[in-house]
Amino acid sequence: MTDTASAKTEVRQLDSVIVRFAGDSGDGMQLTGDRFSNASALFGNDLATLPEFPAEIRAPQGTLAGVSAFQLQVASHDITTPGDAPNVLVAMNPAALKKEVHRLEPGGTIIVNEDSFEERNLSKAGYAESPLDDHSLDAYQLFRVPMTTITKEVCKDLGVKPRDAERSKNFFALGLVSWLYHRPSDTTLDWIQTKFSRLPNVAAANTAAYKAGHAFGETAELFHVSYEVRPAQLPPGTYTNIDGNTALSWGLVAAGQLAKVPVFLGSYPITPASDILHELSKHKNFGVRTFQAEDEIAAVGSALGAAYGGNLAVTTTSGPGVALKGETIGLAVSLELPLLVIDIQRGGPSTGLPTKTEASDLMMAMYGRHGEAPLPIVAAYSAAQCFEAAIEAARIALKYRTPVILLSDGYLANGTEPWVLPDVDSLPDISVPFATDTNGVDDDGEPVFYPYLRDPVTLARPWAIPGTSGLMHRVGGIEKEDVTGNISYDPGNHQLMTDLRQAKIAGIADDIPATMTAGDIDDADLLVLGWGSTWGSITAGMKRARAEGHKVAHAHLTHLNPFPADLGDVLLRYPKVIVPEMNMGQLSKLVRAEYLVDAASVTKVMGQPYTAGEIYTAIVDALTGEEGGNR
Amino acid sequence: MTDTASAKTEVRQLDSVIVRFAGDSGDGMQLTGDRFSNASALFGNDLATLPEFPAEIRAPQGTLAGVSAFQLQVASHDITTPGDAPNVLVAMNPAALKKEVHRLEPGGTIIVNEDSFEERNLSKAGYAESPLDDHSLDAYQLFRVPMTTITKEVCKDLGVKPRDAERSKNFFALGLVSWLYHRPSDTTLDWIQTKFSRLPNVAAANTAAYKAGHAFGETAELFHVSYEVRPAQLPPGTYTNIDGNTALSWGLVAAGQLAKVPVFLGSYPITPASDILHELSKHKNFGVRTFQAEDEIAAVGSALGAAYGGNLAVTTTSGPGVALKGETIGLAVSLELPLLVIDIQRGGPSTGLPTKTEASDLMMAMYGRHGEAPLPIVAAYSAAQCFEAAIEAARIALKYRTPVILLSDGYLANGTEPWVLPDVDSLPDISVPFATDTNGVDDDGEPVFYPYLRDPVTLARPWAIPGTSGLMHRVGGIEKEDVTGNISYDPGNHQLMTDLRQAKIAGIADDIPATMTAGDIDDADLLVLGWGSTWGSITAGMKRARAEGHKVAHAHLTHLNPFPADLGDVLLRYPKVIVPEMNMGQLSKLVRAEYLVDAASVTKVMGQPYTAGEIYTAIVDALTGEEGGNR
Amino acid sequence: MTDVVVPETSKTDWTSDQEPRWCPGCGDYSILTAIQLMMPEMGLRREDTVFISGIGCAARFPYYMNTYGMHSIHGRSPAIATGLALARPDLNIFVVGGDGDMLSIGGNHLIHVLRRNVNLTILLFNNQIYGLTKGQYSPTSEIGKVTKSTPLGSLDEPFNPVSLALGAEASFVARTHDMDRQHMQEMIRQAHDHDGSALVEVFQNCNVFNDGAFGAITKKAHRAEMLIDLQAGQPVRFGPDLNKGVVLDPSGCATIVDVTPENEASVIVHDPSHPDPSLSFALSRLSSGPYEPTPVGVFRSVRRPDYAGEVSRQLANAQDTKGPGDLGKLLNSRPTWTV
Amino acid sequence: MTDVVVPETSKTDWTSDQEPRWCPGCGDYSILTAIQLMMPEMGLRREDTVFISGIGCAARFPYYMNTYGMHSIHGRSPAIATGLALARPDLNIFVVGGDGDMLSIGGNHLIHVLRRNVNLTILLFNNQIYGLTKGQYSPTSEIGKVTKSTPLGSLDEPFNPVSLALGAEASFVARTHDMDRQHMQEMIRQAHDHDGSALVEVFQNCNVFNDGAFGAITKKAHRAEMLIDLQAGQPVRFGPDLNKGVVLDPSGCATIVDVTPENEASVIVHDPSHPDPSLSFALSRLSSGPYEPTPVGVFRSVRRPDYAGEVSRQLANAQDTKGPGDLGKLLNSRPTWTV
Ligand SMILES: Cc1ncc(C[n+]2csc(CCOP(=O)(O)OP(=O)(O)O)c2C)c(N)n1
Ligand SMILES: Cc1ncc(C[n+]2csc(CCOP(=O)(O)OP(=O)(O)O)c2C)c(N)n1
Ligand code: SF4
Ligand code: SF4
Ligand SMILES: [Mg+2]
Ligand SMILES: [Mg+2]
């Protein structure tokens with residue numbers, strides 16, 4: 001086995017390549033994509049991935065509904081998206097071909113598992129005739145590979161049952177594509193050995209299939225060119241390829257360490273947030289407690305209880321769960337206790353598109369509670385940056401004793417990118433002291449503890465946890481008297497407390513970084529304002545527009561409430577502002593209301609991230625006057 | 001007993017008078033106020049009332065926390081608020097005096113129950129010395145009346161126990177104030193007879209106390225002036241004095257009749273909404289079903305189930321309940337079924353001020369759901385208008401097959417005003433047909449029912465209820481394919497459905513009245529934009545400002561989503577816009593975002609409605625440049 | 001809705017045009033088949049039949065029935081069905097959901113529906129796992145269960161759904177399993193015939209995330225030894241030759257004994273219609289996991305007024321007493337004056 | 001927190017500076033007094049004691065205790081307390097709420113806390129009414145109850161909180177009433193001593209909206225006839241001369257008999273620690289409303305691992321096995337490469 005192509009084939013250098021694996025839910029496409037990504041990451045490419053799978057555990061085999069896909073871009077330079085139109089589509093069955101082929105770049109490469117193009121599958125996919133034979137694919141480079149047959153063949157002597165052997169065909173595909181793009185094989189082969197160490201038969205079959213695929217590329221005389229994508233010139237450091245949910249989970253573990261308090265997670269499973277619960281439940285040795293509650297209300301309730309007890313309390317969920325947690329989050333606002341509410345957004349409304357991405361919970365995060373219940377909102381903008389976002393959200397929650405909503409989404413959650421590991425010692429200290437002493441005197445001059453006596457700068461109240469002698473006090477959701485925290489129905493006090501709660505959150509603007517900007521900051525004709533996971537697409541789309549000479553700047557918000565103190569100035573610096581969002585215009589409404597800036601909304605609600613091309617088009621449209629508009 | 005004052009006292013004519021009754025929670029002040037209102041209503045005055053009571057069933061007796069008050073304004077002309085500074089304060093105990101005296105107009109009248117000003121009560125109220133004796137009330141006209149003593153005295157021979165006799169002292173106060181303002185006694189005395197027909201002793205004591213109070217005014221030589229407030233010149237019609245919750249309940253009963261479908265209410269008790277449940281549960285003979293669910297989620301769930309079954313389905317609650325219902329309301333948005341969600345707003349956040357008014361749930365109504373889940377919002381603007389608002393909300397829900405949020409608040413809910421009874425025959429027909437037939441053909445030409453085939457004008461989908469043969473279909477919260485309603489994860493379909501759901505709600509703008517405007521509509525220097533219960537205060541405050549020659553217009557929104565089609569034009573007509581709200585500026589944010597109009601927020605979050613004076617001041621400040629600002 | 005004779009139907013009439021999206025081999029398929037075959041036999045009309053579900057694999061059920069149906073949100077189906085049942089007492093309403101849907105997030109609605117006795121046939125597909133969210137433990141998972149969310153094993157004592165339902169005043173509780181179509185159908189028939197809430201727990205195999213959870217008792221080879229078939233009016237006996245029986249020990253607990261001529265008379269005679277649920281409860285305690293002999297069949301079936309019927313009765317009474325609602329009268333029902 | 005001797009305290013030490021805001025004559029006062037008097041006796045530290053409540057009259061309780069406390073939101077106290085108990089197994093946590101708070105909106109959290117056996121002492125003040133919202137019926141109100149929301153009488157079968165708890169796998173369930181301070185204190189002591197969740201139902205009089213609901217059994221004059229005092233290890237007998245007893249009839253139901261020399265031996269001997277809750281359940285069915293002889297005392301008290309303790313144990317084990325968490329190691333735990 002060698003990593004260089006055979007002599008017969010020409011080797012072309014590419015800056016980047018976009019590959020899309022597609023097959024039936026049972027075909028293991030996610031795994032295949034994942035392995036390809038990891039091999040590329042370890043090889044030193046920059047990359048970005050986009051897994052897409054159906055909501056069902058296993059949708060009917062062979063149907064369009066059952067197609068599972070994985071797209072990734074690998075590059076020899078800094079990239080920020082999984083790419084727009086794939087250069088190569090690997091289609092394991094007719095349904096996958098039918099559903100995905102429209103995405104392919106003009107003249108792109110299609111590699112199909114020829115064996116699967118038999119009548120039953122064709123008809124399930126809705127093909128009257130085989131597309132392999134009817135010239136409908138003539139605009140592409142089509143490679144027909146009998147993957148099942150060869151895989152079964154090479155597994156014959158391994159003592160693997162034919163049905164099980166067939167299951168390894170995804171490794172055949174992986175081997176073939178790995179050959180085509182000069183991916184190192186060791187990483188994958190090692191992984192197979194480790195992963196299936198308890199199932200030697202499976203390991204053997206997968207290994208054989210991989211090698212057969214690789215060899216097929218090298219020997220079959222089908223492919224006349226193979227491609228090389230050189231390692232990227234990334235900044236020095238130690239890298240790992242990480243998805244957003246893992247980065248976020250590790251960020252929470254880190255936040256607990258940095259805050260020097262135990263982490264408590266109260267959660268109820270829901271796609272695409274469950275993996276944070278799964279990941280955190282593995283790290284009990286960090287003192288992390290995870291609790292799978294009976295529902296989302298109990299999940300956030302338990303977290304609030306843990307916060308009262310002095311933990312770094314977290315609850316993770318997606319939109320439907322946040323909708324259920326609203327009342328308890330309102331209580332947390334009133335109690336002024338630190339609490340992290342993490343929303344991995346997905347397509348809505350209602351059950352919506354559970355496995356697809358969307359960023360339409362921003363308004364709910366702002367306003368999804370009764371009464372005046374302001375709280376800070378932080379949004380992650382890339383898979384790896386979820387780590388940092390979690391620590392930042394925790395910092396704010398702890399320092400200001402407030403619930404914080406941290407927004408991520410399905411795209412960040414499941415997508416991966418290389419992450420340069422931070423130096424643990426350089427991470428910030430986010431610890432805050434518990435109250436240990438009385439902080440006032442009563443009318444008789446006796447020392448007393450006032451649970452709502454605020455820090456004059458942060459306006460945070462003391463965090464006095466049970467077990468602290470002398471500081472016994474009661475808190476509750478009825479309006480509290482300023483300072484004492486006793487129940488008060490006094491009109492003036494209610495106004496004061498409402499003002500104070502608002503001022504506390506508003507004041508955080510002075511404690512967060514200035515707006516993150518990029519592009520033609522000083523002389524752009526247009527500002528693209530974004531938040532959350534659109535960062536990658538905007539970066540890539542803007543690059544394209546600037547390469548054509550357009551003057552464009554990009555401002556990206558990591559803090560949605562309060563906004564960075566300079567945001568108003570930033571917005572006013574540019575003649576035009578567009579706000580591309582994966583919703584119907586939520587951030588644009590917020591900035592319009594706040595700054596009276598005619599920020600035009602660009603919207604996409606299709607369960608998929610923006611492509612760089614869509615952003616590019618939006619930029620050009622805005623610059624040429626066809627501003628705003630949807631999609 | 002006579003309705004005219006004795007010869008000794010001068011009778012002065014007044015245009016209006018503001019009376020405030022205050023006492024301990026156990027003193028029956030709400031009843032007293034209520035009776036005074038009803039007598040005034042039947043006498044023909046215009047009036048508006050403001051009951052204010054503590055959140056506890058019975059707070060500690062004699063304390064400030066235990067004070068219960070009832071304010072009303074009666075007038076010989078059209079009025080819209082319970083008035084700012086009372087002319088008369090009736091204080092049944094020291095705590096009531098202490099808590100309420102600051103509200104009184106300069107030189108106003110205080111009538112105290114002298115008997116209660118003994119040491120224990122004084123100290124409970126926090127008086128070191130009796131305010132009746134220390135000249136602290138010299139700026140007022142103070143009348144000390146031994147109400148308890150006299151009441152006990154007149155009850156002595158009635159066979160009533162002294163403790164029970166003492167309980168009648170509020171009727172003494174009522175009698176006295178009725179004399180002072182020439183209220184007819186018959187209404188009250190008749191009411192006592194009917195109400196206590198089963199408790200003749202109580203009836204006798206209350207009657208005796210009332211008469212004694214009346215006689216005391218006439219004979220005690222304490223009062224040298226009594227006042228007359230002539231009946232108001234209200235438009236002709238039959239009137240009743242009604243509170244918002246009753247008007248709203250009747251509106252729901254009416255809506256069921258007008259829609260020709262049974263009303264179903266799923267509710268969970270919560271202040272200040274419970275009375276709607278109570279009222280509707282009395283009207284089973286209208287075919288109204290009421291269901292007290294185990295919680296708010298079950299309440300809205302049961303309503304949604306009833307909507308699916310073809311009922312006019314309603315759920316009533318306050319802020320905390322709406323927070324819990326968000327997920328189910330989102331499902332209703334997705335299912336596109338008619339559903340009325342009624343939010344009687346109260347002070348927030350969290351448990352907040354349960355018995356006090358606030359209007360801070362507007363943003364939650366707009367955005368308190370995950371995903372893009374738009375729905376219409378209707379707000380009532382006066383107690384009596386709650387009737388109409390309920391019918392309008394039902395009309396929209398039924399016609400557009402959508403959940404509608406109807407906002408009222410604690411002030412409207414409990415306050416009363418005279419209401420000219422509508423002619424039942426003039427009420428609109430709001431019935432919509434159920435689907436009874438298939439509405440398409442499938443690929444094979446067979447007739448089929450498409451549950452998401454929309455009306456081309458309203459974009460409403462057919463309402464096909466179980467029991468209809470041939471129209472069996474399934475609905476659900478996962479994204480649905482356009483027309484068929486089958487589950488669809490197709491990206492383009494999701495965008496289409498999201499667009500359609502939004503367009504359906506936006507289109508309602510063409511089906512609602514133009515913005516309601518008043519004042520100097522054509523040439524004002526300032527527009528006051530309001531919504532909900534501020535209508536009365538804004539009307540009164542503007543009247544005052546215009547009387548001084550200021551040019552002011554008032555636009556009031558009954559539809560908050562979508563806005564009336566002309567709202568943008570209305571806003572742009574005026575150089576300045578202020579938006580007084582009982583929250584921290586929610587509507588102002590919405591109009592700023594929508595129209596980029598510099599609408600300045602005026603805020604009050606004190607558990608009480610605006611006074612006319614506060615609005616007047618806000619108007620003058622805005623006109624003189626000190627615009628916006630809080631309170 | 002009309003009173004003509006119910007037309008005869010067949011399984012296909014009850015099958016919708018949507019292809020089931022469960023994993024191959026999932027127990028949900030056999031339950032679906034059982035029900036689709038059963039509906040014609042029960043003589044129901046499709047248009048008068050509604051399936052309401054929450055979210056989960058089980059909850060996909062309504063899509064596959066050619067009836068009215070709603071796939072609602074997680075945990076809320078009993079509440080939604082309650083509203084529908086009250087509004088429309090003429091319908092046959094089935095509620096379907098998983099152990100997570102009905103016992104975790106939806107537990108409260110379930111117990112309240114049971115105590116109220118709303119006329120619903122509730123099918124709880126218990127696979128002791130969260131299927132749709134890919135394998136977390138559920139409120140019926142055994143202690144020590146290693147799942148994605150409990151890598152070191154779960155710590156929570158599971159619910160026994162039958163015990164819980166009996167403690168919640170259920171008027172009808174039965175248990176069956178996905179390997180025995182006839183038994184399933186019999187339970188569903190009885191549940192449907194019952195006035196008021198009828199809960200049927202169906203042991204259901206999730207072959208992807210909890211395969212074989214019930215194998216120890218539901219495999220054909222084990223059934224005689226491991227399933228205790230409760231039959232009204234019959235002694236509670238089981239085993240290949242009915243050699244085992246259940247007696248009440250002095251501490252009031254149900255206990256399994258080898259039946260002998262001496263103790264034969266003391267074998268419990270099952271009476272699901274007994275007004276006191278104590279004995280049914282005792283029977284429900286025989287097994288705390290599917291590894292011991294486990295009773296299946298109807299635990300309890302007592303007559304109690306159906307909630308929706310009672311609500312309708314109050315309405316009818318009110319109309320009889322007060323006359324049908326008259327809006328004009330209502331508006332004039334408080335003191336009025338005329339200007 | 002520290003291991004010095006707990007200082008002696010008195011009732012005033014446990015009394016906060018907030019004046020109770022219950023109606024004069026409310027049963028909540030006597031429960032408050034009982035508990036304030038009890039705390040010093042139980043040798044607890046105020047700073048290690050927390051009262052968590054939801055919303056309702058009962059739920060005002062924490063304000064009056066000079067301990068840590070949280071007056072949270074309606075129905076959620078068991079969930080909030082669970083989080084606190086898991087985070088802080090060192091604390092003594094009491095949960096207080098009414099029948100609406102804990103059995104209506106909060107029913108699910110309650111049954112889940114009971115099955116998990118979280119270390120909480122749960123006091124359910126059952127007044128069979130919604131007090132704070134001024135008199136609607138509750139899930140424990142008797143059928144036919146005329147209230148503001150049910151002017152023609154309620155239709156819902158009430159829960160029996162003891163039966164429900166037993167059906168939900170509770171490890172400790174007791175019942176007491178607000179007229180007997182000593183009995184209340186004894187129940188609360190035992191509940192507090194219990195490892196895991198302990199539910200104490202307290203019959204509480206709401207003299208404003210449901211006055212005398214329990215009068216038929218709790219009035220001094222009726223107690224001997226109407227209260228069945230359950231005592232571990234003792235025959236279940238009551239009546240002025242203990243002339244009545246409870247036996248199990250052949251259908252497995254608990255029945256009251258006049259005790260005779262013949263049947264004396266068959267009177268049930270109460271064993272709250274029996275692993276099978278069947279007999280406790282049967283006892284809970286003796287009365288379905290407070291008009292019949294009603295058992296009070298500890299129905300069930302069995303040892304089961306406390307949930308918070310188990311969670312801590314898993315953490316300790318993980319640290320023993322893997323060593324304490326090392327952030328640098330974690331970040332490097334996936335494949336890495338260096339540029
Ligand atoms: C409010 C909400 N929370 C969580 C989820 C995610 N979710 C969907 S189904 C499910 C549990 C599935 O388990 P079960 O009810 O036992 O059904 P099964 O899939 O096993 O048939 C969960 C947690 C959701 N859809 N909505
Ligand atoms: C989410 C929510 N729903 C409803 C209410 C209103 N509410 C407050 S207490 C209560 C019930 C009180 O009854 P119970 O729990 O029995 O306590 P009690 O007052 O009888 O002691 C209700 C419905 C609320 N505060 N919050
Ligand atoms: S995950 Fe389990 S329960 Fe769900 S469809 Fe697959 S086998 Fe059935
Ligand atoms: S309403 Fe009832 S429960 Fe509430 S404080 Fe008054 S008497 Fe007690
Ligand atoms: Mg399950
Ligand atoms: Mg109660």
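Residue numbers begin at 1 in each chain, while the letters A, B, ... track the order of the sequences. Quick caveat, the model's predicted, so the values are computed rather than measured.
Listed here is the closest heavy atom pair of L331(A) and H71(D): CD1-O, 4.5 Å. Across all their heavy atoms, L330(D) and F286(A) have their closest contact at CB-CZ, 4.0 Å. The two residues K282(A) and K322(D) make their nearest non-hydrogen contact at O-NZ, 2.8 Å. Across all non-hydrogen atoms, the minimal contact from Q292(A) to R116(D) is O-NH2, 3.6 Å. A pairwise comparison of heavy atoms in Y308(A) and L84(D) identifies CD2-CD2, 4.2 Å as the closest pair. Nearest approach of L91(D) to G467(A), heavy atoms of both residues: CD2-N, 4.1 Å.
Of the listed residues (G266(A), G310(A), G301(A)), the greatest number of heavy-atom pairs within a distance under 4.5 Å of chain D belongs to G301(A). Of the listed residues (T290(A), I487(A), N38(A)), the greatest number of heavy-atom pairs within a distance under 4.5 Å of chain D belongs to I487(A). Chain A forms more heavy-atom pairs under 4.5 Å with one residue of P78(D), P324(D), A318(D) than with any other, namely A318(D). Taking I93(D), N66(D), V50(D) one by one and counting their heavy-atom pairs under 4.5 Å with chain A, the maximum is reached by N66(D). For the set L304(A), T246(A), V420(A), the entry with the most heavy-atom pairs within less than 4.5 Å of chain D is T246(A). Your options are D320(D), I55(D), D17(D), T67(D), and the one with the most heavy-atom pairs under 4.5 Å with chain A is T67(D). Considering only heavy-atom pairs separated by less than 4.5 Å from chain A, the leading option among A85(D), P62(D), G328(D) is P62(D). Interface check for chain D: of the options W419(A), F264(A), W250(A), the most heavy-atom pairs under 4.5 Å are formed by W250(A). The candidate with the highest count of non-hydrogen atom pairs below 4.5 Å against chain A, out of S333(D), S53(D), S72(D), S77(D), is S72(D). Looking only at heavy-atom pairs under 4.5 Å with chain D, the residue among D295(A), V288(A), N241(A), D425(A) that has the most is N241(A).
For W191(A), no part sits under 4.5 Å from any heavy atom of chain D, backbone or side chain. Heavy atoms of P231(A) lying under 4.5 Å from chain D are absent altogether. Only the side chain of L335(A) comes within less than 4.5 Å of a heavy atom in chain D; its backbone stays farther off. The contact between P236(A) and chain D is made by backbone and side chain atoms together, counting heavy-atom distances below 4.5 Å. There is no contact between D423(A) and chain D, counting heavy-atom distances below 4.5 Å. For I242(A), the parts lying under 4.5 angstrom from a heavy atom of chain D are both the backbone and the side chain. With a threshold of 4.5 angstrom between heavy atoms, R46(D) approaches chain A through its backbone and through its side chain. Of the two parts of A41(A), the backbone and the side chain both hold a non-hydrogen atom closer than 4.5 Å to a non-hydrogen atom of chain D. Neither the backbone nor the side chain of F51(D) comes within contact range of chain A; no heavy atom of the residue lies under 4.5 Å from a heavy atom of that chain. There is no contact between V300(A) and chain D, counting heavy-atom distances below 4.5 Å. Of the two parts of F387(A), only the side chain, counted from C-beta on, holds a non-hydrogen atom closer than 4.5 Å to a non-hydrogen atom of chain D. Both the backbone and the side chain of L42(A) come within contact range of chain D, each with at least one heavy atom under 4.5 Å from a heavy atom of that chain. Interface remark: R115(D) contributes no atoms to any contact with chain A (heavy atom separation under 4.5 Å). Residue H112(D) touches chain A through its side chain alone, counting heavy-atom pairs closer than 4.5 Å.
When side chains are defined from C-beta on, R45(D) does not count as touching S469(A), because their heavy atoms never get closer than 4.5 Å. With contacts defined as side-chain heavy-atom distances shorter than 4.5 Å, the pair I465(A)/Y68(D) does not qualify. When side chains are defined from C-beta on, N285(A) does not count as touching L315(D), because their heavy atoms never get closer than 4.5 Å.
H74(D) contributes atom NE2, which lies 9.0 Å from atom CD of E327(A) (distance to the nearest 0.5 angstrom). With values rounded to the nearest 0.5 angstrom, S302(A) atom OG is found 9.0 Å from I80(D) atom CD1. Rounding to the nearest 0.5 Å places OG1 of T338(D) at 8.5 Å from CG of L421(A). Note that the CE atom of M70(D) and the NE2 atom of H473(A) stand 8.5 Å from one another [nearest 0.5 Å]. Rounding to the nearest 0.5 Å gives a distance of 9.5 Å between CG of L86(D) and CG of N311(A). For the atom pair CD (E294(A)) and NE2 (H109(D)), the distance works out to 6.0 Å, reported to the nearest 0.5 Å.
Counting heavy-atom neighbours within 6.0 Å of R334(D) CZ, excluding the residue itself, gives a total above 12. Within a 6.0 Å sphere centred on CD of Q233(A), other residues, nucleotides and ligands contribute 12 heavy atoms or fewer.
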Quiz item: Under the side-chain contact (heavy atoms from CB on, under 4.5 Å) criterion, do V424(A) and L331(D) qualify, and how do the steps go?
Solution: CA-CA 9 Å; V424(A) 168; L331(D) 300 190; 4.1 Å; yes

Quiz prompt | Trace of the side-chain contact (heavy atoms from CB on, under 4.5 Å) decision for T49(D) with M472(A) | solution = CA-CA 9 Å; T49(D) 303; M472(A) 287 84 71; over 6 Å; no

Practice problem: Could you please spell out the steps behind the side-chain contact (heavy atoms from CB on, under 4.5 Å) verdict for T468(A) and E47(D)? | Solution: CA-CA 6 Å; T468(A) 317; E47(D) 62 265 32; 5.9 Å; no

Practice problem: Show your working on side-chain contact (heavy atoms from CB on, under 4.5 Å) between V311(D) and F291(A) and close with a plain yes or no. | Solution: CA-CA 9 Å; V311(D) 168; F291(A) 171 57; over 6 Å; no

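The interface of residues 251-258 of chain A with chain D, defined by heavy-atom distances below 4.5 Å, comprises V253(A), A254(A), Q257(A).
Put simply, the side chain of R88(D) gets close to the backbone of P466(A): a donor and an acceptor are under 3.5 Å apart.
In this structure, a donor-acceptor pair under 3.5 Å is present between the side chains of S312(D) and R289(A).
Ring geometry, Y239(A) versus W337(D): the interplanar angle falls under 30°, so the pair is classed parallel (tilted spans 30 to 60°).
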